[in-house]
4 protein chains.
Amino acid sequence: MRARDLGIRIGSLAPGPRNAITDVAGVRVGHTTLIEGEGPLVVGKGPIRTGVTVILPHEGDPGRDPVFAGSHTLNGNGEMTGLEWVRDSGLLTTPIGLTNTHSVGVVRDALVAASVAGRPAGGLWSLPVVAETWDGYLNDVDGQHVRPEHLFAALESASADVAEGNVGGGTGMKAFGFKAGIGTASRQVGQEHGGYRVGVLVQANHGRRERLVVDGVPVGREIPREEVAGPDLTAPDAGSIIGVVATDAPLLPQQCRRLAQRAALGVARGGGGGENDSGDIFLAFATGNRSLRGEDDAEAPLTFALEMLNDDHISELFWATIEATEEAILNSMIAAETMVGRDGIAFHALPRDRLVEVMRRYGRLD
Amino acid sequence: MRARDLGIRIGSLAPGPRNAITDVAGVRVGHTTLIEGEGPLVVGKGPIRTGVTVILPHEGDPGRDPVFAGSHTLNGNGEMTGLEWVRDSGLLTTPIGLTNTHSVGVVRDALVAASVAGRPAGGLWSLPVVAETWDGYLNDVDGQHVRPEHLFAALESASADVAEGNVGGGTGMKAFGFKAGIGTASRQVGQEHGGYRVGVLVQANHGRRERLVVDGVPVGREIPREEVAGPDLTAPDAGSIIGVVATDAPLLPQQCRRLAQRAALGVARGGGGGENDSGDIFLAFATGNRSLRGEDDAEAPLTFALEMLNDDHISELFWATIEATEEAILNSMIAAETMVGRDGIAFHALPRDRLVEVMRRYGRLD
Amino acid sequence: MRARDLGIRIGSLAPGPRNAITDVAGVRVGHTTLIEGEGPLVVGKGPIRTGVTVILPHEGDPGRDPVFAGSHTLNGNGEMTGLEWVRDSGLLTTPIGLTNTHSVGVVRDALVAASVAGRPAGGLWSLPVVAETWDGYLNDVDGQHVRPEHLFAALESASADVAEGNVGGGTGMKAFGFKAGIGTASRQVGQEHGGYRVGVLVQANHGRRERLVVDGVPVGREIPREEVAGPDLTAPDAGSIIGVVATDAPLLPQQCRRLAQRAALGVARGGGGGENDSGDIFLAFATGNRSLRGEDDAEAPLTFALEMLNDDHISELFWATIEATEEAILNSMIAAETMVGRDGIAFHALPRDRLVEVMRRYGRLD
Amino acid sequence: MRARDLGIRIGSLAPGPRNAITDVAGVRVGHTTLIEGEGPLVVGKGPIRTGVTVILPHEGDPGRDPVFAGSHTLNGNGEMTGLEWVRDSGLLTTPIGLTNTHSVGVVRDALVAASVAGRPAGGLWSLPVVAETWDGYLNDVDGQHVRPEHLFAALESASADVAEGNVGGGTGMKAFGFKAGIGTASRQVGQEHGGYRVGVLVQANHGRRERLVVDGVPVGREIPREEVAGPDLTAPDAGSIIGVVATDAPLLPQQCRRLAQRAALGVARGGGGGENDSGDIFLAFATGNRSLRGEDDAEAPLTFALEMLNDDHISELFWATIEATEEAILNSMIAAETMVGRDGIAFHALPRDRLVEVMRRYGRLD
């Protein structure tokens, strides 16, 4: 069940066939979901409500065949490793991992291991991109239950089918006081602008209830905590959102960065404010240029031939990013089911019938 | 006539008494408005539809008594001078000037002259902050009609009363295909967060009609160009928005930067996308710390005593900035009157009755 | 007279044939030098010791035919206009102007006028790049004696021959307590790295005497103020250095930015520390890709075909930039003659014989 | 044995009593050094030449009592986690870990575990700062031999005594083709500038032989690879340098960032160029302001009282940083002993007698 299944249409651009980040040809997504135990929190034991999500930019090895990328931070109370090299080289050289805050390291080192496997021993280094949001309200986050094999399994399972909601890195996440997690959406720009696709995947864990906006409608005020309770949080802003933007347009690194920045505008339209306790970090990559690295054993070629989108057409991609981000966040909530975690803490699903009723009342259903 | 006079309330925080940037004590705004001639464009002759706006951070001389500041660029197709020093020192050391794109220099040099006047000759330098948007659809922008005396007059006239619409730097501006210009709004956070005020002033010249959103309502789709025409623009995205955020909270420079970044979220909520042809640049300053520079003739003191807002309270200021920015943009359109400029090009005022009607239909009037 | 004429060789790479920024094909440099009056400072009268320098990235109009560019700020107590758009678009779209601190505006607006002249009236905007250093110890900087015609004359005179020392924007500048001004140098990397050229031009006005280092030799300690006096400065650090880096390599914007950052390393090797009162700002542009904008009247093309230097070869360009910057600074001092300015203040030339003697003593002459 | 023991004095400022980063009161450094096995590389077996270094900003828990911090990247081919939050909050909230490239994750997650230990379960998150350089020429870096207990042991052992050379994270590192590793140095500015101390610690693994400069002397050309061989490296630039700057001055975050940027100038003076394969990343923190976070159980205070160094005095701290960085790098080489690692690859120690001889010949010994 997704936003469009409920008759909610965000924006004016058309989604791709899957309405997912995998509408960008070659992009694959894999999840490992860890749900185990219930009852009181015992650090190191559980309950466990977490996981790993990976995004692969194409069918090959990004270490051998990187793509251009750029990043943007709306609020930095979070982690996305690997950004210093993304900024300087403009290249994404590894799959992207998403997990919980306290397991970034294990996923990062496991991505290193996966990156160097089968390559000349001792001759390479790897600087993976791994991001996180904090699932400590439901998950024994301090127990650090993610293991390297969970990352390997997520890589292994990666495909063009993207599960949403309580899966992968999004397993224990919540947004606007509702259960949330992984969400995705896509847009395709008109042929006069190249017909490129933009796909977004979010791990949504951000937002205050009263600020939730759906397609301009103040849903959070209409379905307040008095109606659908969220737990009493020690830090009501605590949370974060990670967004990954993919496109098949031939963007240069600075153009990727500009797309990443527009993902923040999609967050804003949905009611996010980049709150102080939130780590709202975005990465955009573009598959429209490939073969940006020489073969391992050959002489390094002097130059690469590239294509660059004329900036006169980039605003359409900006809007595609904004719309797809807004919809991906919404999808992450609509797909998520109510979850009870550690110490019996529960985050409830956004009630779909009530959402539909509110949207209809505001004249916003198809 | 302002948004609240029409019954439109953006967000949930309370405005200050003036609902203007000048609700921050000491902040003053001055305008010089230049309207002259009509008919065909003759570069150097006119017609003239432009001006200068100045914002003074307090009642004194910011060269002697600077305030902390920070900036954010949503899209860089514009100019705001002085930012290299704002970024490195964290200080705003001059009044802020707003004008048209091709007159930034004259305003900048005139601010230099005003800054060094009455100071020891040859002993000082000044790095003013001057920003712009492009009024070339209505104004003979290439004629560069702004003169130093226009800046001096704007400084002279500065007060806590802020005229909106077709005034000062905003004289010839348009937004979302409607006439726009200068707009302002403010918010006050609760006493439990310090009771601080945040005021925003925009020079709005951005946006595409079909993207205009007012408090979540798709006003641009409801009042399309078929109903209220805008001219056929050579570059439909051409335009920009400059936003200045003031607060009396004791913010450090990096906190000011974060406020400036939230102004971009207010733009997004109103339908801006940071389009490629737009220069969307924001500066935030905080008057909560003063006396950040030693007296001219004295030994430079070793350190200054400061106060810093605990970041646990800063999200409220983020929301204040987002709301005030969204409302300031709306005010810039509601205050503006239809204007005919060079070559008979006209930008029409946003029809207030239609706006009210649409907002009512979407259940969004008070 | 230049460093190499004295037998001083900085670094290990070979200079281009002119050992100047104009070794990059198509780059041209023009100066207007203003020297008038003597005696006591009368603001608005003089004495005048200032000027304008322009750098054109190629033989054409960069508004129609921009080049990729990037910037770096070592210390931001200075101005370089136009950087927001350079950062976001990665493009340099105007000639670069260099002048004194208080005349940046007039040069900027004159570059606007020059940019739009002969183009469709009212249809374009221009965001020029103009930088500055402060010549107020010698020049009536507050008198703002630079006029638009001075910029036009500099553009008119631009050629591949680059005068150094007390010329153009560098007329009234000093470095390390010696008279300085404009300096330039270049390097050519080996054919195995593409044989590209890197040229640097500086307007040098920075540095403390005791910190001056020439090719590793502590020249500033060897020729102290006790031997060759500089005036008693109110702010001993006051000064700045602007550096412009040109290359014919096919660099993308982020690669240009990295080159600009290496110019700061050249400053460091010469004894600069990015002092607090210094505005040390660098811009690099690359002419290896052209035709990055469609024709005015045509449909905007969807994409551009580019070439990109493989980063495996970029370190050579980094070293070329570092070496050329260090030598350009030295050239700016060696070419400069002693100058007496306002109030009889004098900055003395670096005594060439003493420099040679010191370098020989440290075993550093050819 | 350190640079000063050989009579080499870098710069003009006086070192602190230990000439180490721990001259900043409260700063502690701990190492775990892992050396095991020899012979051919068997990934997962060894040989092992690696370790972990930690730097604690003060005697307490930086999670409860953070300090202001800022960072700078000279070249981003490396990793320093935690920087997004350092940039936005201006705070360092964990100890700093240094290790090899492929073990950043395990050290990062172990620092998380150490940070949350003894705190309310499930109520906190931690975003540690961990940086790396690549020791794969000597160490089985792909074997990922660092374990959480190695980080815990380094924390446990932290003290004001700083071992240099082949220790901790620096165990398997090399610089300019000589064996290198951990180095440190400090400076104290004059009482007229506050008498503050600046300490620097580097993990040095960067640089090409022919570029090595010691106090301006071209030592790398004087002791070439023909004399003291380094192995034939697949990527001659491969390497990196991480620098941590500590000061007891009351610096705000943007001032810390400026100090971090000056560390790059120290690298440049020693012959580093921020080469493409190098990850040259710097973090500066300042202990002059404390109590920047409320107590866990109390209401969050509204504001904090701070002190800020007047920027008129900051250039001295810039010079202190530059000098201490240059000397710390040199110390890392002088302290390091020749090491043979995987596959019998050897990096030789910089021969001290030859260094002294060269420095004397260039007139640079005390």
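Remember, predicted model here, so these are calculated numbers, not experimental data.
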Examine whether an atom of [X] lies under 4.5 Å from a heavy atom of chain B, and if so say whether it belongs to the side chain, the backbone or both; otherwise answer neither.
| X | answer |
| --- | --- |
| Glu323(A) | side chain |
| Glu316(A) | side chain |
| Phe318(A) | side chain |
| Arg258(A) | side chain |

- Among Val217(B), Ile322(B), Asp311(B), who wins on heavy-atom pairs under 4.5 Å with chain A?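 The answer is Asp311(B).
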- What residue in Pro218(B), Ala264(B), Gly76(B), Gly363(B) has the most heavy-atom pairs under 4.5 Å with chain A? Pro218(B)
- Is it true that Arg360(A) and Glu357(A) have a side-chain N and a carboxylate O under 4.0 angstrom from each other?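 The answer is no: the pair does not qualify as a salt bridge.
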- Would you kindly say whether Asn75(A) and Glu275(A) are connected by a side-chain donor-acceptor distance under 3.5 Å? no
- Is the Phe282(A) ring parallel, tilted or perpendicular to the His72(A) ring (thresholds 30°, 60°)? parallel
- Message: How close do Gly271(B) and Phe176(B) get, counting heavy atoms only, and between which atoms?
- Response: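 Reported closest heavy-atom pair: O-CE2, 3.7 Å.
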- Step through the shown structure and confirm whether more than 12 heavy atoms of other residues, nucleotides or ligands are within 6.0 Å of CZ on Arg361(B).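 Result for CZ/Arg361(B): enclosed.
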